[in-house]
There are 2 protein chains.
Amino acid sequence: MGMICIQTDRNGIDNKMNNRIALLRDFMQKQNLQAFIVPSTDAHISEYIPDHWASRQWLSGFTGSAGTVVVTLKKAGLWTDSRYFLQASDELSGSEILLFKDRLPDTICMADWLKSELKGNDRVGIDGNVYQAKDALKLKNDLEKVKITLVADFDPFETIWDDRPALPKNPIRIHPVEYAGESASAKIERVLTEVKKKGAQAVWISTLDTIAWLFNIRGTDVPYNPVAIAHAFISHYERILFTDRDKLTEKIAESLKNEGIQVVDYSQRRDFLSKPNNYTICIDSSKVSYAIYKTVTDTLSETGVEAWRTKSCIDIKSVADLLKSIKNEVETEGFRRVMIRDGVALTRFFRWLESNVISTPLPGSSALPSVTEYTIGLVLKEYRSQQQNFTGESFSTIAGHAASGAINHYRPNEENCLEIRPEGLLLIDSGGQYLDGTTDITRTIAMGPVTEEMKRDYTLVLKGMIALSRAIFPARTRGSQLDILARKAMWEHGINYGHGTGHGVGHYLNVHEGPHSIRQEENPVTLQKGMIVTSEPGIYRDHQYGIRTENMLLTTQAMKTDYGDFYQFETLTLCYIDTAPILKEMLTKDEIDWLNRYHQTVYEKLSPHLTPIENEWLKTKIKPVIYN
Amino acid sequence: MGMICIQTDRNGIDNKMNNRIALLRDFMQKQNLQAFIVPSTDAHISEYIPDHWASRQWLSGFTGSAGTVVVTLKKAGLWTDSRYFLQASDELSGSEILLFKDRLPDTICMADWLKSELKGNDRVGIDGNVYQAKDALKLKNDLEKVKITLVADFDPFETIWDDRPALPKNPIRIHPVEYAGESASAKIERVLTEVKKKGAQAVWISTLDTIAWLFNIRGTDVPYNPVAIAHAFISHYERILFTDRDKLTEKIAESLKNEGIQVVDYSQRRDFLSKPNNYTICIDSSKVSYAIYKTVTDTLSETGVEAWRTKSCIDIKSVADLLKSIKNEVETEGFRRVMIRDGVALTRFFRWLESNVISTPLPGSSALPSVTEYTIGLVLKEYRSQQQNFTGESFSTIAGHAASGAINHYRPNEENCLEIRPEGLLLIDSGGQYLDGTTDITRTIAMGPVTEEMKRDYTLVLKGMIALSRAIFPARTRGSQLDILARKAMWEHGINYGHGTGHGVGHYLNVHEGPHSIRQEENPVTLQKGMIVTSEPGIYRDHQYGIRTENMLLTTQAMKTDYGDFYQFETLTLCYIDTAPILKEMLTKDEIDWLNRYHQTVYEKLSPHLTPIENEWLKTKIKPVIYN
């Protein structure tokens, strides 16, 4: 079994997390619950969540964005995926929580583990307000087979979490059409047209970035994502934004009203949904909480609807999410402008890094202050913040030097991170939020001498990144069909990576956006013109180093032939790729040509915005690779 | 809409098919049916079917292996996929049946068409005995939404088809363990072990090749597939073969009995299933008829089972199909031996073809008898039949010269086919059944001068075939992830093909075998060591030519690394690939090396079995391509 017992010194040491688990167990016993599940998400099924809902982190100490904690009266476990295996193992250290490495063939899944730990007539508790409906329905069904009941009516953290942060009341602002490219009204009409095609008249949306996109609003309630806490309900008769009224100035409320949008207090959402209505409502059970889902579906069966209403709720993939993912021309032009600014900031940052680390005197001398994985994030943010329209980072910078690079989604912390030394590899994955676009870029650079194995791995990652960037494919191709392009070269060397290859990116919205993706797992959404996707293969050597190279790509038309439409990618990201660790004999002529052309474009677009000295430095970084 | 109205001269000409449709409509009116659906399959959900069940062909004249005819009181339509667009358009000509090009984005699907043609309270008839359960359940559910009823109790062809052929009563023979590599008992135990893992105690199998594999029997009831008409039911207490007792000699029956297999008459199958029992039965709704499925599930709800029996039927993908697809060492050794014999026959055939066509005097002179697409099949079969263990073809040879090559699954007929002329391309897709293996191979050869476009397309197909053959991929990879390897080169030229890239092949069984595949469409079955798969990309230019190159591949271990197990393919097929139409500047050095090495292997394996003159000829065909 893939269960990993973390080495802990449980005897004696007072562990904060274990105490919190004890509090949860007290609660469970009072409620006659034999297990309680704490997922990573919130009432809006978000990836990044406000502190108020970060109960899984509070309970376990695990800070990753994905992971579920299950507590029984005797045991506790965390299920998380390969991105977080090392981090979780680290962060759980000292707590009683066992780490279950999700999706490994030998790891027992959470439901099966529950079934093995519990017995018939036992009760499992969740907070239906923060549990994805689809997961809850599946789990409920699964547990019922062995007569275990899933009860969804508890928020234990309301009582056991003493200093629980309140929900944020940050102001909502309007995102101007100048950046959005389309009015809220026009977007709402397009969503309703799609909803109608599905045979429905209304749609419920709990997804914060989708609501922000749809209503052209932005907020600061969630770290890194410029969104506001809200739900939405739209039909041909109503356009309702459920949110805290305190978040809106009169001017903003007026502006929303002009788009026909009515504001109703957040607390009214379930009352509204419980009322009988004559709509067939589209709802996406993977994007709403179990509590919302139950409110919609229970109402439908309890309100004594007329006989002609054979359907009243359609559970389908969010049509608004799909529309949001297809960027309009104003948005794509925004992305192109933002990439120049982001590229300028990155160029300055990398130049600073080189002069502050690679030029550092050897240890013992004391010329320059030390640069650490943590300070890198501060400096990079500072360079970005000098750029127009920058409003913050799109996620916490991942700067992983040497062995830290092997930890996917590593977040260096100030007290406990590596000093950057002039040797080995440094992986930096970072991104910015600008009013006219969101960026996400990874570069791995040689800080000094690197081994032959590092070079080989670096070149394999680059080959994968280039192969996906150069793809030409017919309309109606799914990301899972393209995924192999990024992996093929490394597979031939017996190497693979445990994360997806690409994700959508919002337009001044979330850095991770669906519904499309490029990954090994099947996802039926096809790539469409205007969709943005990252290309980010990687190679990770535990306790040694990590390599990832990531660009953002825009799906565009390549050609139309007797065989239909064919698409290609336009590379949006503008930042040099370190050529020092390349083994050029492993690259084909086409790959070298691509790299040289890319560097030419980077220089052409960035140089007008850089100083002569910066340009001279950049020129040394983009010197053409010569094909022998 | 993608509906194509076939040009017909309906006024005046008495059309045989239209008369048959009229007979069906009489039947429908008597039974108060407003539509009737005739699928392409039979009581065993077979691809190749005995004449008795070929009612769709009898009714429509369409001879393709896949296609469904729907007749309403006023209209009639055929839904078929891109393999058969040209053929169907041809064969339907003169009948009233409209062609619907399935899976094209604008084509209305059959269910939606029915809903648009019929109204509430109408009744749609099918013969539940020959209709796939999964399809029927989906259709029933779909039609019920608009209050149309699906009624499954009719076999109109029993009355309207005058000279309907009887079901074959051909003898069953034992397939010796010497070829099969494993006894029936051992296979049955393995299947039951898998069934147990699913929480069941028994399994029902209607699939003819699976039954043949499981019980180590073979027959001749179905063209090209060495199978016998039968159903099977196995549990830890019973191993029952439902088949016509006349098919078994006493010796064969005795031999089955020694493996614990009891023979029950075919006609008893539903009575047996209707009886109450205490089993949880595995059944695959995509592999049994609706009649069988209903018999199992209806029984379960009607027999008043004890309360502890919460599950009694599990609808899952056939576990036996998966085990069958993973060949044992005796089977793979058989395949390797068979490929030598098949390669020898093919080499002799291609040499004959060259000397009889390419050397043909120009028209006007009368030196050699003409070679046609039809005679090619006869000659090729003759060469194969000179080989040891050959028992027949694995499918009807597709020999498509010039424009015929563009018709996927083209079956030349004697009266109406092309003479092979010393110019352009000739596509030959053929295969043999041998006691120790089944073959499937396509070669496209230049019969004389070819255009630059033909050469480019030929080279793109070859690049795709080679890319898939050279794939290295981690364990748990699905075919849909690898499919792009065969298409990538042609996609870059805006070309694609509308069929899958690869299918499993039975061991002295069906030439098309699941459950794995290599195609664009998602199929969750992962490729496992021992699975056979074809690699057969193609390019088709309507009314001009078709190109396909196909080898059979065996999945084997490539390596085991820190990242897990990696697999690769061993090419099984042994037959030269025509180098004449290659544009070698389009091939990489690796591709040329692969081709030259392959040809070296072909020569090494075949030459000991060829005459010196044949070897000299083969040497001219496998002259190394030189990389500049």
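If you're wondering where the values come from, they're calculated on a predicted model, not measured in any experiment. Reminder, nothing fancy here: chain letters follow the sequence lines and each chain counts from 1.
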Exercise. At what distance, to the nearest 0.5 angstrom, does NE2 of H493(A) lie from OG1 of T561(B)?
Worked result: 12.0 Å
Problem set entry | Contacting region of R487(B) [heavy-atom separation from chain A under 4.5 Å] | neither
Problem set entry | Minimal non-hydrogen separation, I495(B) against F566(A), with atom names | N-CZ, 3.6 Å
Exercise. How about T588(A) and T588(B): do any of their side-chain heavy atoms sit closer than 4.5 Å?
Worked result: no
Problem set entry | Closest contact, heavy atoms only, R478(B) versus S480(A) | NH2-CB, 4.2 Å
Exercise. Which heavy-atom pair separates R541(A) from D562(B) by the least distance, and what is that distance?
Worked result: NH1-OD2, 4.5 Å
Problem set entry | Heavy-atom closest contact (L482(A) atom, W491(B) atom, distance) | CD2-CZ3, 4.3 Å
Seminar exercise, completed: Partner of Q481(B) under side chain to side chain contact (heavy atoms under 4.5 Å, CB included), picked from Q481(A), Q520(A), E521(A), E522(A), is Q520(A)
Problem set entry | Taking every non-hydrogen atom, the tightest pair across Y540(B) and Y563(A) | O-OH, 2.7 Å
For this session: Quick one: list whatever passes side-chain hydrogen bond (donor to acceptor under 3.5 Å, both in side chains) with D593(A), sequence neighbours left out.
Result: K589(A)
For this session: Pick whichever of G494(A), P105(A), A471(A) has the most heavy-atom pairs under 4.5 Å with chain B.
Result: G494(A)
Seminar exercise, completed: So, the part of T477(B) with a heavy atom under 4.5 Å from chain A: the answer is side chain
Exercise. Is the number of heavy atoms from other residues, nucleotides or ligands under 6.0 Å of K140(B) NZ greater than 12?
Worked result: no
Exercise. Which bit of P524(B) is near chain A, if near means a heavy-atom gap under 4.5 Å: side chain, backbone, both or neither?
Worked result: neither
Problem set entry | Heavy-atom contact with chain A under 4.5 Å, split by part of Y567(B) | neither
Exercise. Rounded to the nearest 0.5 Å, how far apart are CZ of R470(B) and NZ of K488(A)?
Worked result: 6.0 Å
